[in-house]
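Labels below follow one simple rule: chain letters A, B, ... track the order of the sequence lines, proteins then strands, and each chain is numbered from 1.
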Amino acid sequence: MTSDNVIETHALAKRYGDVDAVHALSFQIRGPSITGFLGRNGAGKSSTIRMLLGMIKPTAGSGMVLGHRIDDPKQSLLIRRRTAYIGEEKGLYAYMTVEQLVRFTSSFYPDWRPDIEQRLLRMYQLPLRRKVKALSKGMRTKLALLLALSRRPALLILDEPTEGLDPVSIEELLQMLTGIAAEGTTVFFSSHQLAEVERIADSILIIERGRLVLDVSLDHLRENYRRVTAGFPARPPEAEFRLPGVERVRASGRQITVLASRNADAIVERARSLSAVSVEVEPVSLREIFLDAVRTDAPAEAR
Amino acid sequence: MPVLFQGLRYPPVAPPKLHRWWLCGTNRARQGRCVGCRLDKPKSTTVSYQWYSSVIFKLNPSSGQPLYLQLMQQVRHAVATGVLQDGDLMPGIRTLAEELVVSHNTVAKAYTELEHEGLLELRHGSGAYISAKRGVKSRADRVRAAQQRVRELVNSLQAEGLSNEEIFRLFEAEVLFPHDLPPRL
């Protein structure tokens, strides 16, 4: 490997007809870490993941996963050998029993680890003789995880893994993800559950309409993003708050709210110098940052 | 997210009797896990128990402070209050990350920083031990003693008629710009 980036893309793009699904996407992910991949429905998350796995060909740009090129069929095979993917539909054969499916899947991978398989089977308490179609959603997710983890992948990609799970199963899944990341697997997952992402991820990527809008570590985000609310005796001059690091200014009556990605102190200073009667600085949750990042000024075009 | 290391107590108490799964009588025991007491089947009859210090850490993901800093502060606080004491074994990075359901990088960063501070000793392959022999406590004592001396000095200066502002400036100048001052008499 030339670098220790697990995933690396340069101006990756995918067009379907005249729709730009993914546009000039460039990012790097270092391992082992946990990365949350966020975006609205149809923002291009699944397309990006499919390109990384070589399931679809990028229209333009290039990408490397685990040091292999994603658009080369031979190297894509090497990627898939060391990468596990759990999609929205888990892709499990419904007519097999759990035991059959585990044996069937294991025969494809020479580096299958029976010890991990046994440990996970015990931990998840999966009914060996039940058919996959009779499993609950949570059990199916656990089975898919088992099939993925028994190969000890270097990279685990999940597409909305917590969708449709009950709170207990979600908690177990998150615990599992933190556990395998600690063992050296890089986890890359897309999700709409921002509170979960905020808990376990090291960094996040937010894409909107195929474009990367935010690529930041959560520690940086917690340290620097602030919302400053200031009250004034008279109508405040909104333009005075256009400082570097200010993402959004909203004025309502005599109050002004500023969302800042850095420089919160300078904004407080400015508010004080404009004789604000009250200044409040609060941390910002990932939910607000996400909503701000994907906020569309124009109504989203029909797709 | 309050997390208590389950079944682990501080101060350490004697480990419980081994669960004799083969006498348990439940069918599930054959699968290696007993439903009656939820203990895994021991691999051998000699099981070594390691006791972590049980501390409740609470990390708030939306508090505007990096999680590793929150964790560091809580360890420091636990040491200051004596909940964690010198030689206590902290859970491993992986264990704690899984218990708190945060990324291992968060715990690793907190542990490394705490090690730099000298509050934690990472012994390879053995674990992370609290190291609060002298540094922290004696420092607090030294500060307390210094505070007493400063109080006496300030009282006597006030008695001589200096204003608080003047005393404050003198201190400030002495600490911040010691080289710009006229040589001592």
Side-chain angles (χ1 to χ4, degrees), chain A residues 30-36 118-119 121-128 170-187 189 194-204 217-228 260 264 281-289, chain B residues 1-6 21 26-43 57-73 90-113 122 125 127-128:
Chain A
R30 300 167 70 90
S33 63
I34 305 178
T35 305
Q118 287 303 318
R119 204 185 75 206
L121 271 178
R122 236 191 345 252
M123 200 154 81
Y124 296 168
Q125 304 198 326
L126 288 169
L128 283 175
I170 290 180
E171 198 60 30
E172 284 174 355
L173 177 71
L174 295 182
Q175 208 162 13
M176 200 73 55
L177 293 184
T178 53
I180 59 165
E183 280 176 0
T185 297
T186 297
V187 178
F189 73 111
L194 298 174
E196 294 159 10
V197 176
E198 196 169 29
R199 278 173 63 195
I200 68 164
D202 288 307
S203 56
I204 51 159
S217 90
L218 280 176
D219 275 345
H220 175 87
L221 194 141
R222 288 192 187 102
E223 217 158 9
N224 295 293
Y225 276 67
R226 291 289 181 272
R227 186 180 46 232
V228 182
V281 185
E282 292 166 291
V284 193
S285 73
L286 181 58
R287 169 173 298 275
E288 291 169 79
I289 292 163
Chain B
M1 282 181 277
V3 167
L4 181 70
F5 302 116
Q6 281 161 5
W21 61 276
T26 51
N27 290 333
R28 301 291 281 283
R30 260 182 251 131
Q31 288 172 22
R33 172 170 278 246
C34 166
V35 174
C37 60
R38 306 235 167 239
L39 275 179
D40 279 324
K41 165 176 127 186
K43 285 204 182 80
F57 294 116
K58 281 185 198 154
L59 301 188
N60 180 357
S62 49
S63 79
Q65 197 185 24
L67 294 179
Y68 79 93
L69 283 181
Q70 294 183 29
L71 187 56
M72 281 172 67
Q73 265 175 11
M90 292 286 287
I93 290 174
R94 206 206 128 149
T95 316
L96 189 54
E98 245 175 283
E99 293 275 359
L100 293 168
V101 194
V102 296
S103 169
H104 66 284
N105 288 329
T106 301
V107 181
K109 195 163 178 188
Y111 275 20
T112 322
E113 297 276 313
L122 301 181

Peer 1: Under a 4.5 Å cutoff for heavy-atom pairs, which residue among A/L174, A/V187, A/D202 has the most contacts with chain B?
Peer 2: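 Highest number of heavy-atom pairs under 4.5 Å: A/D202.
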
Peer 1: Which pair of heavy atoms, one from B/A97 and one from A/T178, lies closest together, and at what distance?
Peer 2: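 Result for this residue pair: O-OG1, 3.9 Å.
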
Peer 1: Look up atom CD1 in A/I200 and atom NE2 in B/H104, then write down how far apart they are to the nearest 0.5 Å.
Peer 2: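 One gets 12.0 Å once the value is rounded to the nearest 0.5 Å.
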
Peer 1: Could you tell me whether a side-chain N or O of A/Q175 sits under 3.5 Å from a main-chain N or O of B/V101, the two making a donor and an acceptor?
Peer 2: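 Checking the backbone N and O of B/V101 against the side chain of A/Q175, no donor-acceptor pair under 3.5 Å is found.
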
Peer 1: Nearest 0.5 Å, what's the CG-CD distance between B/L67 and A/E198?
Peer 2: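 Output value for this atom pair is 8.5 Å.
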
Peer 1: Apply salt bridge (charged side-chain N to carboxylate O under 4.0 Å, His left out) to A/E196 and list each qualifying residue two or more places apart in sequence or on a separate chain.
Peer 2: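 So A/E196 forms no salt bridge (charged side-chain N to carboxylate O under 4.0 Å, His left out) with any residue.
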
Peer 1: Side chain of B/N105, backbone of A/P32: donor and acceptor closer than 3.5 Å?
Peer 2: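 Side chain of B/N105 to backbone of A/P32: a pair is present.
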
Peer 1: For residues B/R94 and A/A182, report the shortest heavy-atom separation together with the two atoms involved.
Peer 2: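 Taking B/R94 first and A/A182 second, the nearest heavy atoms are CG-CB, 3.1 Å.
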
Peer 1: Just to verify, what does A/E288 make a salt bridge (charged side-chain N to carboxylate O under 4.0 Å, His left out) with, not counting sequence neighbours?
Peer 2: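 So A/E288 forms a salt bridge (charged side-chain N to carboxylate O under 4.0 Å, His left out) with A/R227.
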
Peer 1: Using the rule side-chain contact (heavy atoms from CB on, under 4.5 Å), only one of B/S63, B/P61, B/S62 pairs with A/R222; which is it?
Peer 2: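 The option that passes is B/P61.
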
Peer 1: Pick whichever of A/E223, A/E282, A/M176, A/H220 has the most heavy-atom pairs under 4.5 Å with chain B.
Peer 2: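 Heavy-atom pair counts peak at A/E223.
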
Peer 1: Under 4.5 Å from any heavy atom of chain B, what part of A/R287 do you find: side chain, backbone, both or neither?
Peer 2: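 Nothing of A/R287, per the 4.5 Å heavy-atom cut-off to chain B.
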
Peer 1: Would you mind telling me which of A/G179, A/A195, A/S285 has the largest number of heavy-atom pairs within less than 4.5 Å of chain B?
Peer 2: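 Ranked by heavy-atom pairs under 4.5 Å with chain B, first place is A/G179.
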
